[in-house]
There are 4 protein chains.
Amino acid sequence: MVPSDTVTRILDAAEVLFAEHGFSETSLRRITGRAEVNLAAVNYHFGSKQALIQAVFCRYLDPFSADLHCRLDRLEAEEAGSDLERLLDTLFASVLEMPSNNHDLKTFMKLLGLAYSQAQRHLRDELRSRYGTIFSRFLKLLRQATPELADDERFWRLHFMLGSVIFTLSGLNTLRDIAEHDYHQRITIRELSRRLKPVALHALRAPVTDADCSPGSHVISHPRTGTHS
Amino acid sequence: MVPSDTVTRILDAAEVLFAEHGFSETSLRRITGRAEVNLAAVNYHFGSKQALIQAVFCRYLDPFSADLHCRLDRLEAEEAGSDLERLLDTLFASVLEMPSNNHDLKTFMKLLGLAYSQAQRHLRDELRSRYGTIFSRFLKLLRQATPELADDERFWRLHFMLGSVIFTLSGLNTLRDIAEHDYHQRITIRELSRRLKPVALHALRAPVTDADCSPGSHVISHPRTGTHS
Amino acid sequence: MVPSDTVTRILDAAEVLFAEHGFSETSLRRITGRAEVNLAAVNYHFGSKQALIQAVFCRYLDPFSADLHCRLDRLEAEEAGSDLERLLDTLFASVLEMPSNNHDLKTFMKLLGLAYSQAQRHLRDELRSRYGTIFSRFLKLLRQATPELADDERFWRLHFMLGSVIFTLSGLNTLRDIAEHDYHQRITIRELSRRLKPVALHALRAPVTDADCSPGSHVISHPRTGTHS
Amino acid sequence: MVPSDTVTRILDAAEVLFAEHGFSETSLRRITGRAEVNLAAVNYHFGSKQALIQAVFCRYLDPFSADLHCRLDRLEAEEAGSDLERLLDTLFASVLEMPSNNHDLKTFMKLLGLAYSQAQRHLRDELRSRYGTIFSRFLKLLRQATPELADDERFWRLHFMLGSVIFTLSGLNTLRDIAEHDYHQRITIRELSRRLKPVALHALRAPVTDADCSPGSHVISHPRTGTHS
DNA sequence: CATGAATGAGGCTTCATTCAT
DNA sequence: TATGAATGAAGCCTCATTCAT
């Protein structure tokens, strides 16, 4: 049951190389070379390259999914599931404090970005079927926390937010370089999540514009913000 | 000066196939096959696959860049450059009403998503050097429109927003399918932009949290958190 | 350690085809076709075409180098190292009686000619670094055998001689045809080496002209020359 | 009749590039690029790449052939045709003092080396048929100058000598680098020909060994040398 | 007379995968 | 269980050449 050393070495190498160069751009040769295992080992242990890709994700997401379930259990036990801010905090905490801390969060976020943008339908399908449960659970709590939003509006806003996270974190290296160059400031993922939280919070709470949004409708204020400051 | 028929056919085919399958996953053979031109034509007209990729982007972004410049000129002529909502409206309008409407916006957004997530450093470098001017101009106006934000904070928020746009639009097909299935509602890009606007507006205007906000922090008050620490 | 059958077949085919058509003019397709192995086998076993070229040379020169070392050992044991004629005899014998007599000397000489004339810098560098030792050893003995020559003079004469050998042997087919046609005489390599020896011997021992010897110079006396000066 | 500028430019570029990289390794694209003429110009003016190669040789060898004929005329007029040293001097002078001195001798010697070693049968055939006359004439004079040699022996010795010249000059850059590194001496072609002459002279005059030349037959001296020292 | 466009053939290399050992 | 050898497919690119203009 314990994954052999070979399997682990392959997964470690693949994780880094996939994140760095993309799936198609990373050959099995390179992976096995870095892992210092036989070229045929990937097909032997995983069956195919696609299966390896999925295994890389599962190794990360399985514990994450379990961890997030735990935290949501606790949140519900405290009957705080409908507090939007606590819900977001819980999510952020689970992402940031993943137990498998020998793995790089940035690396995995890059992989997640690739999974969405690259033509890896097989991967998205797998992820959806395997982690649909936890996603649905989170979405349900989010609905309780934002009862003022129509379901479809919430759906889109959640994905806006998801886009912010994945895009920013998956391109972190590039963006960090720019930021460092322009603002002389090296940012960590923790700091980034600190910056992201209020943005996500207010984005989700923004009032809905019921009609078109042609210029002139800029009377929108954001009442709830006042309570925080 | 006028691009030959062959050149146009190649660009058209490449645009669609790249968006659909990614850059590495799309072979020149397939592109030239779809374009019904000779395999060597790509190398003849563009020099390499990388140059073709860049050309696909430039064909779209050059007119866009020009159009946005025009609109920003008008905006400044009206002395409305520092109105955040008008500024966003201008950007949205430029994106949505691109003259070359024979090109699919969704397709291009997918390409943009790929450009950021895939390992195409050459492409990002090219885009940055070629469209840095218009980006800087927009950023300068955005600074006037959001004077309360520190430069670095604005930088990151802009990219949060960018992530929302690119992620949502580049995965539009998938997301639209889900939304249609769950909420029985077929969304258009126009509607999506209507939904996005208030979110972007409030995201940019969200108050800055001055200290760290890791779980347990006190800035944002949520009483029960105390029990965790 | 033992070269697989596939490796040997590739080397055999490459040796002949390279000698016959040159390096650039011989495609891997043709080599693998003649060797009746898979096209990818060359890259699998050798890594690249260049590496294959070098391997062809090494397969021949490694045993040759070892053999010549042996013979020079024996020569020095007999304290005959400084006898020019014995030294040349030793070299000739080593070249002519190479153990791997399943390989064609003529073929290899052609390859050697190509190595020098074609633009294969990588090959020359490799040969120099790999066989510099045996070359230096021979040169050292040659210095003892021709103490009357300045080092640089000896260097050039050695290469004159080398040119004679390589040029003649590498073009042997053509020249032999002409000779056969004109002088009705089919020559073997052994006979050729018999003809070459006195020429090499006297070329090396030729007196040095101390000044320039542009037309009309007087250093080398041959009666009729006097009528010119 | 006067070759157009385009033709000259192509020949100039081809001459240098062929010498530097070989025939197969030099593409028409590169030639026309360097010559700054249209890619199709080569096929337009010369018909094919092979024809261009031949044209490069003819542009050099035609005047050389004419010049050598002249010099041999004068030599015969002086009834000095059978003087070996004067014959060699004449040849050397013709080679060294070619009228078309805007062309590099070294460059051309490299080309000649390539012509012999590379698989350019078409070229060798062309050269033989076009310059066979002057070669025969020289050979006839050489026979008069070395009456003691059997025809076949002379034939081979002439080619030994030719090998020395072509090999040394065609690989001049490489050899010069070595010589410069080892003996701190930068040699010119003129100096090289000074070194070559006595070697050629004595090589041609070396006594014939009538039988085998196994070790032990080293009683051979070279009587004429004695008269020099 | 000269050229830009286009082409079919073929170049070397790399890929993921399979299989006998 | 694990691997070295081998393979068919396909990758991108460059070639010399042709042809309509």
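A note on names: the letters A, B, ... follow the listed sequences, proteins ahead of strands, and every chain is numbered from 1.
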Contact nearer the 5' end of DNA chain F, comparing A/V37 with C/E36: A/V37
Length of the line joining [X]:[atom1] and [N]:[atom2], which is rounded to integer Å:
| X | N | atom1 | atom2 | value |
| --- | --- | --- | --- | --- |
| D/I31 | F/dC15 | CD1 | C1' | 12 Å |
| D/I10 | E/dC1 | CD1 | C1' | 13 Å |
| B/L52 | F/dG11 | CG | P | 15 Å |

Which of parallel (below 30°), tilted (30 to 60°) and perpendicular (above 60°) describes B/F23 and B/F57?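 If you compare the ring of B/F23 with that of B/F57, the planes turn out tilted.
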In Å and rounded to the nearest 0.5 Å, what is the NE2 to CZ distance from B/H45 to B/R9? 11.5 Å
Distance, nearest 0.5 Å, that separates OG1 of D/T6 from OH of D/Y44: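 Separation between the atoms: 10.0 Å.
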Side-chain N or O of [X] versus OP1/OP2 of [N]: is the shortest distance under 4.0 Å?
| X | N | value |
| --- | --- | --- |
| C/T6 | F/dA6 | yes |
| A/H45 | F/dT1 | no |
| C/N38 | F/dA6 | no |

Scan every strand shown for a Watson-Crick or G-U wobble partner of F/dA2, both distances under 3.5 Å, and answer none if you come up empty.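 Across any shown strand, F/dA2 pairs with E/dT21.
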Is the closest side-chain heavy-atom distance between C/I31 and C/F18 below 4.5 Å?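 With C-beta onward as the side chain, the pair touches.
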Are C/L61 and C/S65 packed together at the side-chain level, in the sense that at least one heavy-atom pair is separated by less than 4.5 angstrom? no
D/D12/D/R34 salt bridge by N-O under 4.0 Å criterion: no
Protein within reach of the bases, or only the backbone? For nucleotides 11-21 of chain E, mark each nucleotide 5' to 3' as B, S or -, using heavy atoms under 4.0 Å. BBBBSBBB---
